[in-house]
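Everything below concerns the one structure shown next.
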Amino acid sequence: MAYNPNFNQQLFILIGGTIFLIIAMFTGKRKKLDRWEALLLLSFYVIYTIYLVAKEL
């Protein structure tokens with residue numbers, strides 16, 4: 001099976017999102033995501049999904 005280098009970009013995005021989530025959850029008093037952090041993650045997800053769909057068209 002051949003390795004596709006496009007997976008590198010997706011891995012970096014996954015790692016970046018995970019690091020952001022960990023930092024966002026463990027900063028602050030409540031140990032929860034604030035609304036703006038959740039909105040930022042949701043926005044990034046929607047934008048990235050649109051990007052992937054547009055790339056396939």
Report, one line per pair, each donor and acceptor closer than 3.5 Å where one atom sits in a side chain of residues 36-45; sequence neighbours left out.
from  : atom 1 : to    : atom 2 : distance (Å)
Glu37 : OE1    : Asp34 : N      : 2.8
Ser43 : OG     : Leu39 : O      : 2.7

Residue pairs passing the side chain to side chain donor-acceptor pair (under 3.5 Å) test with at least one member in residues 48-57, sequence neighbours excluded, are none
I'd like to check the side chain to side chain contact (heavy atoms under 4.5 Å, CB included) partners of [X]; sequence neighbours left out, ordered by chain and number.
X	answer
Ile23	Ile19, Thr27
Ile50	Val46
Phe12	Asn8

Inspect the surroundings of CZ in Phe26 and state if more than 12 heavy atoms from other residues, nucleotides or ligands are less than 6.0 Å away.
no
same_hphob_cluster(Phe20, Leu33) at 4.5 Å side-chain heavy-atom cutoff:
yes
Going by chain and number, the hydrophobic cluster around Ile47 (ILVMFWY, side chain to side chain under 4.5 Å) further includes none
